[in-house]
Every structure is written in structure tokens, then in C-alpha cells.
Protein chains: 2
Amino acid sequence: MNGRQNGRPTLEQVAARAGVGRGTVSRVINGSPRVSERARTAVTRAVAELGYVPNQAARALAGSRTDAIALVIPEAEARLFAEPYFLGLIRGVSIELAASDKQLLLTLVRTEQERQRFEQYLAAQRVDGVLLASVHGDDPLPDRIGELGLPVVMNGRRTEAEPVPYVDSDNIGAGRAAVAHLVARGRSRIATVTGPLDMYVARARLGGYRAGLAEAGLAPDEGLVAAGDFTEEGGRRATRLLLERRPGLDAVFAASDVMAAGARAALREAGRRVPGDVALVGVDDSPVARLMDPPLTSVRQPIEEMGRTMARMLTAEIAGGPEAAGGPETPGGPEVPGGPEGGRAGSRRRVLPTELVVRESS
Amino acid sequence: MNGRQNGRPTLEQVAARAGVGRGTVSRVINGSPRVSERARTAVTRAVAELGYVPNQAARALAGSRTDAIALVIPEAEARLFAEPYFLGLIRGVSIELAASDKQLLLTLVRTEQERQRFEQYLAAQRVDGVLLASVHGDDPLPDRIGELGLPVVMNGRRTEAEPVPYVDSDNIGAGRAAVAHLVARGRSRIATVTGPLDMYVARARLGGYRAGLAEAGLAPDEGLVAAGDFTEEGGRRATRLLLERRPGLDAVFAASDVMAAGARAALREAGRRVPGDVALVGVDDSPVARLMDPPLTSVRQPIEEMGRTMARMLTAEIAGGPEAAGGPETPGGPEVPGGPEGGRAGSRRRVLPTELVVRESS
DNA sequence: CGACAGTGTGGGAGCGCTCCCACATTAGAT
DNA sequence: ATCTAATGTGGGAGCGCTCCCACACTGTCG
């Protein structure tokens with residue numbers, strides 16, 4: 001039949017061809033410095049001539065490292081959140097991983113059963129580390145993985161003081177920026193549609209909203225706060241409620257673009273004009289924002305950058321060795337000179353800045 | 001200090017505990033029928049007691065199968081296409097793979113260099129098969145993978161007569177359904193904004209549009225056809241052009257929702273009302289469609305189902321053995337007679353039906 | 001002129017499985 | 001009674017690597 005497995009040359013064959021021993025070939029391939037120039041060129045040539053590619057399974061078995069990491073996305077969230085979010089994350093992770101020659105294993109976890117299967121999977125030593133997206137407040141998975149001895153980095157955090165390493169965006173800053181912008185535009189009766197308050201991200205954005213009001217010297221008014229659930233329908237309902245309670249509101253800060261779309265619909269129903277009567281600001285700067293009518297002012301999160309940062313942190317932790325688990329052990333790695341973004345490089349938690357994108361809705 | 005690699009029990013230990021040989025444990029784990037009931041229970045118990053999980057690397061090395069497949073997404077496309085598309089695809093693939101206990105390896109390919117690296121990767125025998133998303137007309141990758149002896153399934157096809165196994169949606173039917181619907185709504189001057197015509201998907205949708213006109217007894221008019229590029233801006237430009245050439249048009253069929261959003265904006269600029277003056281239909285039924293104003297009538301593709309089908313086909317081909325399923329070796333590509341639409345079950349090409357979702361824009 | 005560090009280097013000893021051959025054991029056929 | 005087949009079973013022989021020990025060879029120092 002086809003020579004799918006018989007055809008590929010092995011390390012041994014390369015060694016024979018180069019006239020050296022297996023050990024030397026291995027050293028050359030893995031970039032060890034303790035190889036003579038003569039041997040190195042001979043091996044490099046043999047590799048090229050034979051088209052040799054190291055067998056990954058053998059490598060993993062012998063060396064107990066797989067050069068792969070898993071990215072786990074809870075399926076339920078994938079529907080809730082604006083989907084481009086995850087694609088952006090994946091893209092960021094992927095870019096960074098390509099640079100370090102690791103592979104990305106994507107796992108969508110739907111059910112509890114699948115979650116358990118995933119733990120089994122981890123136990124089968126198929127990955128060197130795990131990236132976790134949008135973890136819920138009470139999810140024990142991050143800790144479990146840690147117990148297995150595998151490095152983890154989460155996207156977002158479960159609580160304010162999160163023990164597991166994570167990369168988050170500055171959600172408080174997002175709320176503040178939105179409110180500050182609305183105030184600058186002359187609005188003073190600013191309402192907000194929040195996400196589900198059992199999620200840290202929703203609480204943080206609400207906190208930012210409140211801080212923004214305080215900084216502007218505006219009095220808080222609980223009547224101007226309504227809870228949504230990150231869906232369009234939820235945003236619509238919450239906005240209707242707000243209009244009922246506070247007909248005089250002149251701005252709405254929705255904690256996501258999708259909810260802002262719902263708010264837009266509710267405002268239209270109520271005959272309010274945007275931005276004439278009511279200014280509108282969302283969060284995410286998703287494609288939806290650009291396509292809305294009028295285009296939506298939104299707070300952008302550096303999603304791709306978050307993905308990259310996560311991958312970088314995980315890679316560092318993997319390389320940093322299993323024993324250095326504790327602190328920001330900096331093993332001679334070329335530290336990025338004062339990271340362009342917030343948060344110290346090498347730290348176990350990182351909060352990236354958000355950015356307001358102004359469009360016609362405000 | 002928990003032992004990451006030392007702690008895990010091996011097959012040998014399970015064998016000892018169950019009082020049987022390694023071979024028997026292996027048979028039980030892999031579900032071989034040639035095991036006595038007695039041995040089976042003993043092994044099952046030992047496995048449970050020790051919390052044994054087979055080491056995947058060892059399995060792959062000894063058995064030369066990895067239980068993983070790769071899904072390749074060209075990065076350029078990921079930006080162009082409505083992104084939810086890929087998430088839907090990933091979801092479908094993931095669901096089906098979970099059922100067959102395989103793992104999903106996601107690869108975003110950005111550059112030519114990365115593409116080569118990916119080929120290297122495949123040569124390292126890390127996957128049992130490959131899924132290819134949105135392949136361009138002249139991409140040699142599918143054939144290359146076939147030459148490596150790896151099963152491949154593509155999403156969409158490069159040309160009408162595609163030699164490599166694929167799963168596509170009925171793009172011709174999509175165009176026809178859109179036109180038929182518009183005709184039923186009393187429209188007769190129906191324009192279309194196409195995708196880039198070097199892509200088969202764009203040509204097929206245009207073909208469906210033309211077929212639809214013919215079936216309705218409407219005369220074709222090239223002035224009613226303008227090329228877009230699957231972006232919003234492209235849709236906007238193309239629509240402006242159409243309005244200039246044929247101010248009397250009363251409907252637009254855009255070959256994607258995103259382009260429909262662009263068309264919507266152009267129509268608004270020109271003072272046309274939707275659907276009053278001009279009816280609008282898109283393709284994809286993406287979240288954008290629901291959020292547009294008015295909500296967009298759109299032809300839905302069964303994306304998730306496409307993902308599932310692809311995974312199923314690939315799994316079958318992997319299981320079917322390298323010798324079956326017609327030699328991928330055939331150089332030059334066999335001219336395949338296969339009928340255009342309605343692919344047979346078990347066939348190497350499959351075209352799934354699309355479905356019109358009517359909303360207020362038409 | 002020995003003792004002693006370096007450097008490179010070969011190759012043995014696994015890593016934890018699957019494959020498969022040889023050997024029971026049993027039951028049926030002759 | 002012997003022969004054959006069917007059924008279970010143990011365990012050797014790898015799969016293709018990495019790790020690491022032992023052994024050259026160089027020089028350098030006391």
C-alpha cells in the first residue's frame with residue numbers, strides 16, 4: 001500500500017548517514033551547544049537529504065513533554081458571549097504558539113461528562129499546559145488541573161483575588177471610560193445594563209460604571225441599574241425596565257455590544273432617538289458594533305493580545321520548570337523591557353488596558 | 001510536590017494488580033472481544049482502583065495512530081468570512097469528535113512559511129487525518145496531504161469538479177431560493193452583490209441567482225450584477241454602483257450577510273427604504289442578520305452540520321483503512337463523474353441543503 | 001610527568017504501549 | 001483414542017526517541 005509509516009526516516013538512519021552516533025544527532029536536532037561544528041554540519045546535511053522529521057510520539061514518550069497545549073472553551077459560554085471573542089483569543093494564542101513551535105489543542109466542553117473526560121485526557125499526558133477561557137465563578141477545574149501538576153493560565157478571573165494565574169482586561173477601566181465619555185458628551189442621567197452579576201466580569205464593569213459616576217460627581221441611582229445576561233433579548237428587557245423606571249435617562253452603558261443591540265431595539269420601540277435622545281455605549285467592539293445603526297461607540301478589549309499574553313505566560317511557566325511553581329521565577333529569560341501594556345512581565349496575573357472606540361451612537 | 005510523571009500507573013502495574021499479563025490488559029482496554037469475562041472484570045477493577053489512564057504517547061508510538069485530527073483554517077479567510085462561521089464549524093467538528101474520542105488540533109495558517117511548517121508537522125505523524133476549511137481555488141495543500149498518505153476532507157471545494165473529498169453547502173440552491181422568495185414577494189428588478197468570483201462559492205451563488213431568474217421567467221441583466229469581496233465595504237461599494245446603473249432596482253441579493261449590511265448602508269444613503277423600496281436578502285444567517293434594522297432575511301447554511309459531516313467522513317476514512325477508499329496516490333486527479341448536488345451517503349463528496357430564513361427585510 | 005579538568009562523542013537503557021507469536025486449554029470431529 | 005480447531009492468555013520484540021554514563025581525546029596545572 002502507501003508507505004505512510006515505513007517511508008519516514010528515523011534518527012538512527014540519519015546518524016548512519018552522517019557517520020555519527022544517535023546521541024549526536026539528537027543533540028544537533030535539539031540545539032545543544034556541545035557539538036562540534038563538523039558533526040553539526042554533517043547531521044544537518046543528512047537531515048535535509050533524508051527529509052527527516054522527528055517523530056513526535058517517540059519524543060513525547062522518551063522526553064515526557066508534548067509540545068502541545070490545550071485551550072478549553074466552555075460551550076455554553078461560546079454561545080453567550082459574542083463569538084468573535086473566542087476567535088480573537090484563538091488567533092492570539094495561535095500566533096504566539098507558532099512562534100514557540102507548540103501545537104494548539106482546542107477543546108469545547110459541553111457537559112459535565114465531557115469535563116471529566118477532559119481531565120482524563122490531561123492525565124494521559126497529552127499536553128504540557130492548559131489555557132482556560134471564561135471560567136465561571138465556582139469552577140473547580142483550574143485548581144484540579146493545578147493538582148495534576150500542569151501549568152494553567154485563565155482568561156479572566158473567577159473573583160477579585162484569583163489564586164490561579166490569569167490574563168484579564170481592565171473591566172473596571174472600561175466602565176469608567178464609558179461613563180467619562182458620556183459625561184463629556186453632556187449626559188448626566190446615565191443608566192447601565194449589566195451582565196449576570198454572578199460573573200466577575202459583570203461586577204467589575206458595573207464597579208467601573210459607579211466609579212465613573214463618582215468621579216464625575218454624579219449621584220448614584222440604583223434605579224438606573226438593570227441586570228442583563230449578555231444576550232440581546234436580555235439587553236432589550238433590561239432597557240425597557242430602565243425606561244419605565246427612569247424615563248428621563250439620557251444615556252445607556254451596556255456591558256456588551258450584543259446587549260447594546262438589544263438596548264438599541266428597546267429605545268427604538270420607545271421612540272427614543274440615538275444619539276439624539278439617548279446616547280449608547282457598549283463593550284467588546286465586536287463586528288456588530290460597526291454594523292449597527294448608528295454605529296456603536298464601544299470599549300474595545302485587546303482580545304488578541306490577551307490570547308498572546310496567555311500563551312506567553314503558559315509557555316514561560318512550562319519552561320520555567322515544575323519546581324519553580326511559586327513566584328515569578330525569572331530564569332535568565334530576556335525580560336521584555338517594561339511591557340508596553342500594563343502588568344509586569346513574568347507576573348502570574350496580568351490586566352490589559354481597554355480602549356474606547358467612539359462612533360456615532362454617543 | 002505531587003509527581004507529575006512518576007505518579008501515574010502503567011499498564012504493567014495494572015496487569016500485576018489484576019493478576020494477568022500485559023496483553024490481556026491491553027485487550028480489555030481496547031475492547032477486544034477475545035477476553036474471558038473473568039479477566040475482563042479483574043482488569044476493569046484494577047484500572048478503577050489505580051486510576052489508570054493509558055499514556056497517549058506510548059500508544060501512538062507503538063500503534064502508530066494518534067487519535068487526533070487537525071483542522072486547518074487559513075488566517076486570511078478567518079478575517080474575511082463572517083467569523084461565527086468558523087466557530088460553528090469548530091463546534092460541529094468538536095461534537096462529532098468527542099463522540100469518537102478523538103482530539104481536535106486547531107491550526108491557523110497565516111503565512112506560506114507556516115504552511116510549510118504545518119506540512120512538517122503532519123510528517124511528524126501527530127494526526128490521523130486533516131480537515132481543511134475554506135481552501136482557495138489554487139491551493140495545492142489538499143493534494144499534498146493526500147500524497148503524504150493522510151486522509152483529508154475539505155470544507156467547500158476549489159472547483160466544480162473537486163477530486164478531494166469535501167463537504168459543501170448547496171450554494172446554487174441558496175441563490176435560487178433567495179431569488180424565488182423575492183419573486184414571490186413581487187420583485188422583478190432583482191440585483192445581486194457577488195463574492196470574489198475567483199472563489200467557487202461566489203460563482204455558485206451567482207449561478208443560483210441566474211438560475212432563479214430564469215426559472216421565474218425574468219430576463220438576465222448584467223447591469224444588475226456587481227462584484228463584492230465578502231466585506232461590508234465591498235458590499236457598500238457594489239450597491240452604490242448598482243444603484244447608479246439601475247436606479248429602478250427593487251431587490252438586492254447579497255452573497256453574504258456582511259455584504260448585505262454594507263448594501264443596507266448604501267441603500268440608506270440613497271434614501272431607499274428597506275423593504276419598502278428595496279428588499280434585501282443575505283446569506284449565512286449570522287448573528288448580524290438578526291441584529292440589523294430591519295432584521296435581515298438570509299439563507300442559512302447548516303454550518304454545524306457541515307462540521308459534523310466532515311468529522312464523520314474523515315473518521316470513516318481513517319477507520320476504513322489506508323487501502324480502501326480509492327488510492328489518494330492517483331496522480332493528476334481522477335476526473336470524477338459524481339453528480340453536482342445531493343451527494344450520496346458514504347460518498348466522498350457531500351452537499352448539504354440550505355434554508356431560507358425570512359425576516360423583515362424582504 | 002602524572003593528575004585533572006574540560007570537550008565531544010557513542011551507545012545502552014529505558015519511556016509505556018501494541019503487535020503478534022507461541023503456548024495452554026478446552027471442545028468437538030474423526 | 002488422536003487430530004484439529006477455536007479460544008484465551010503471557011510475554012518478547014519492538015516503536016523512535018531522550019537521558020545519561022562511560023569513554024575517548026585534548027590541554028592545563030602543580
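Order of the sequence lines sets the chain letters (A, B, ...), proteins ahead of strands, with each chain counted from 1. As a basis for the values below, the full set of heavy atoms in this structure was taken, side chains included, without hydrogen atoms, waters or symmetry mates.
Comparing atom distances between the A/Asn55 side chain and each of D/dC17, D/dG10, C/dC17 picks out D/dC17 as nearest. Among the nucleotides D/dG10, C/dC15, D/dC17, the one closest to any side-chain atom of A/Leu61 is C/dC15. Considering only the side chain of A/Ala58, D/dC17 comes nearest among C/dC17, D/dG8, D/dC17. Comparing D/dT18, C/dT7, D/dG11 against the side chain of A/Arg34 picks out C/dT7 as the nearest.
Ranked by how close their nearest DNA chain D nucleotide is to the 5' end, B/Ala62 and B/Val35 are led by B/Val35. Nearest-nucleotide assignment on DNA chain D puts the 5′-proximal partner with B/Ala39, out of B/Ala39 and A/Tyr52. Place A/Gly21 and B/Arg22 on DNA chain C by their nearest nucleotides, and A/Gly21 ends up nearer the 5' end. Both B/Val53 and A/Val20 lie near DNA chain C, and the one whose nearest nucleotide falls closer to the 5' end is A/Val20.
Checking side-chain atoms of B/Asp128 against main-chain N and O of B/Asp67 turns up a donor-acceptor pair under 3.5 Å. In terms of modelled atom types and a separation under 3.5 Å, the side chain of A/Ser32 and the main chain of A/Val28 share no donor-acceptor contact. Checking side-chain atoms of B/Ser26 against main-chain N and O of B/Arg22 turns up no donor-acceptor pair under 3.5 Å. Checking side-chain atoms of A/Arg8 against main-chain N and O of A/Gly51 turns up a donor-acceptor pair under 3.5 Å.
Put simply, CD1 on A/Ile29 is 7 Å from P on D/dC17, counting in whole angstrom units. Spacing between atom CD of B/Glu37 and atom P of D/dT9 amounts to 10 Å, rounded to whole angstrom units. The nearest whole Å value for the distance from the CZ atom in A/Arg40 to the P atom in C/dT7 is 15 Å. Here the C1' atom of nucleotide C/dC15 and the CD atom of B/Glu12 are 12 Å apart, to the nearest Å. Between the CD atom of A/Gln13 and the C1' atom of D/dC17 there is a distance of 13 Å, given to the nearest Å. Rounding to whole angstrom units, CD of residue A/Gln56 and C1' of D/dC17 are separated by 10 Å. To the nearest angstrom, C1' of D/dG16 lies 15 Å from CG of A/Leu50. Counting to the nearest Å, the P atom of C/dG11 and the CG atom of A/Leu11 are 13 Å from each other.
Ion pairing of B/Arg349 with B/Glu162 is absent here, as no side-chain N (NZ or NE/NH1/NH2) approaches a carboxylate O to less than 4.0 Å.
Between B/Asn30 and the phosphate of C/dT18, there is a side-chain N or O to OP1/OP2 separation shorter than 4.0 Å. Look at A/Ser26 and you'll find a side-chain N or O under 4.0 angstrom from OP1 or OP2 of D/dT18. Close to C/dG10, at under 4.0 Å from its OP1 or OP2, lies a side-chain N or O of A/Thr24. Listed pair A/Ser36 / C/dT9 meets the phosphate criterion, a side-chain N or O lying under 4.0 Å from OP1 or OP2.
Counting distance only, with no hydrogens placed and no angle test, the side-chain atoms of B/Arg27 and the base atoms of D/dG10 include a donor-acceptor pair under 3.5 Å.
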Worksheet item: Passes salt bridge (Lys or Arg N to Asp or Glu O under 4.0 Å), B/Arg115 versus B/Asp139? Steps please.
Response: CA-CA 11 Å; B/Arg115 236 207 42 181; B/Asp139 198 330; 3.3 Å; yes
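Counting non-hydrogen atoms under 4.0 angstrom, B/Arg59 reaches the backbone sugars and phosphates but no base.
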